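No experiment lies behind these values; they were computed from the predicted model shown.
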Amino acid sequence: MPTTPPADRSQIAAEMGMLGVVLIWGANFSITKVSIGQIPPLAFTALRFLIATAALFILVRLFEPGTRTPKSSIKKLAVVGFIGNTVYQPCFILGLANTSATNSAVIIGALPGVVAFLAWALGIERVTRQAAIGIGIAMLGVLLVVGGGFELERKNILGDLLTVGAVFCWAAYTLGLRRSSEGISPLKVTAITTATGTPGLILIGLPQLLQMNWNGVPASAFGGLAYAALVSLPFAYFLYNRGVSVLGPSKASAFSSLIPIAGMALAWTIVHDTPKPSQIAGAALVVAGVWLTRARRPLPPEG
């Protein structure tokens, strides 16, 4: 009987993992939106990463005891962790606090187009004409969502702009992973980048943590914190980092095109955030544009 080659099995497992990331992060917009209504956003992020870092290092000790990481790799991953966590997370969480869960999900969905553009600009990958058209279509979709159908909603502008900043941070994180994580397991990469991003987040969130009245926080908010800290962060980051390692940054990030659909549907059901026709149209443009960006040829290996 024919058997699936190990390389194919590894790719299939990575793709299934990326679909899991889509569902986890799609739900995270609405779950976090509910929680930060009770826990201030920067305090929420600080606690989330503190819990996640502890959980990740317990997992490393259990599943990869005694493994060592070169100091040069740790330094590179520390920079990646700072961009992808210390800078990205405040942009994301403050963006989400100041816009709708739907807007946030769809703007994040533009990530693959941004990754493709930066990969081309930095000479990491060549971008075909079709892919360039796809990037333009995806960006048009983001403008449609941010502008509410080209009718600007002032209450969402700050949150939308912060979320756009988060997209560029995450794109840099994705490309940085590819160049910094060779020979290191996805679990250890996740632990190192999370740990190096956590001190700055705790420092930023400390004023809100000290001012919090924890007695008034409902159990549902703590439940959301647990989901964000243990499911959306260590588990989903591990799956994402493995996807980047196996599939490459462009193909892995292409799965992000599905996050707006998952996020929009779950926002509709969880927080009753009904999407506007313009937002649905914008999401469709983002997805269409992102899938066009997948038609790229990688640069030949450097000699």
Side-chain donor or acceptor of S180 paired with backbone N/O of L177 under 3.5 Å: no

Spatial distance of atom CE (M212) from atom CD (Q38) [nearest 0.5 Å]: 8.5 Å

Stepwise side chain to side chain contact (heavy atoms under 4.5 Å, CB included) check, S104 with T99: CA-CA 7 Å; S104 184; T99 191; 4.3 Å; yes

Interatomic spacing from OG1 in T45 to CD in Q89 - rounded to 0.5 Å: 6.0 Å

K33 side chain vs L96 backbone, donor-acceptor pair below 3.5 Å: yes

hydrophobic_cluster_shared for L230 and I36, side chain cutoff 4.5 Å: yes

same_hphob_cluster(I83, V80) at 4.5 Å side-chain heavy-atom cutoff: no

Separation of L206 CG from I204 CD1 (nearest 0.5 Å): 11.0 Å

V60/L56 under side chain to side chain contact (heavy atoms under 4.5 Å, CB included): CA gap, chis, key distance, verdict: CA-CA 6 Å; V60 169; L56 280 164; 5.5 Å; no

P234 versus A229, closest heavy-atom pair with distance: CD-O, 2.7 Å

ring-ring contact (aromatic ring centres under 6.0 Å, His included) partner of F92, the single match among Y173, F29, F44: F29

Intermediate values then yes/no, side-chain hydrogen bond (donor to acceptor under 3.5 Å, both in side chains), Y237 and S232: CA-CA 7 Å; Y237 269 50; S232 179; over 6 Å; no

Over all atoms of both residues, closest heavy-atom pair of A171 and L118: CB-CD1, 3.8 Å

In one Ile/Leu/Val/Met/Phe/Trp/Tyr side-chain cluster, 4.5 Å: M16, M18: yes

Smallest separation among heavy atoms of W25 and A236, with atom names: NE1-CB, 3.3 Å

Same apolar cluster: Y227 and F49, side chain cutoff 4.5 Å: yes

Inter-residue atom distance L47.CG - T198.OG1, 0.5 Å rounding: 11.5 Å

Atom pair CG/OG1 of L233 and T194 - distance to nearest 0.5 Å: 5.5 Å

Test item: T32 side-chain N/O and N28 main-chain N/O as donor-acceptor pair under 3.5 Å: yes

Between F235 and Y240, ring centroids under 6.0 Å: no

Within 6.0 angstrom of Y88 OH, more than 12 heavy atoms from elsewhere: yes

Cluster overlap V244 with V22, hydrophobic side-chain contacts below 4.5 Å: yes

Distance-minimising heavy-atom pair for T193 and T196: O-OG1, 3.2 Å

Nearest atoms (heavy-atom pairs only) where P90 meets N85: CD-O, 3.6 Å

Stepwise side chain to side chain contact (heavy atoms under 4.5 Å, CB included) check, I184 with L77: CA-CA 11 Å; I184 308 171; L77 289 173; 3.9 Å; yes

Steps toward side chain to side chain contact (heavy atoms under 4.5 Å, CB included) verdict (L94, L42): CA-CA 8 Å; L94 291 174; L42 296 179; 4.1 Å; yes

Minimum heavy-atom distance A46-G205, with the two atoms named: CB-CA, 4.3 Å

Atom pair CG/CD of L239 and E15 - distance to nearest 0.5 Å: 13.5 Å

Expected output: side-chain T174 to main-chain W170 donor-acceptor under 3.5 Å: yes

Close side-chain approach of R242 to S185, heavy-atom, < 4.5 Å: no

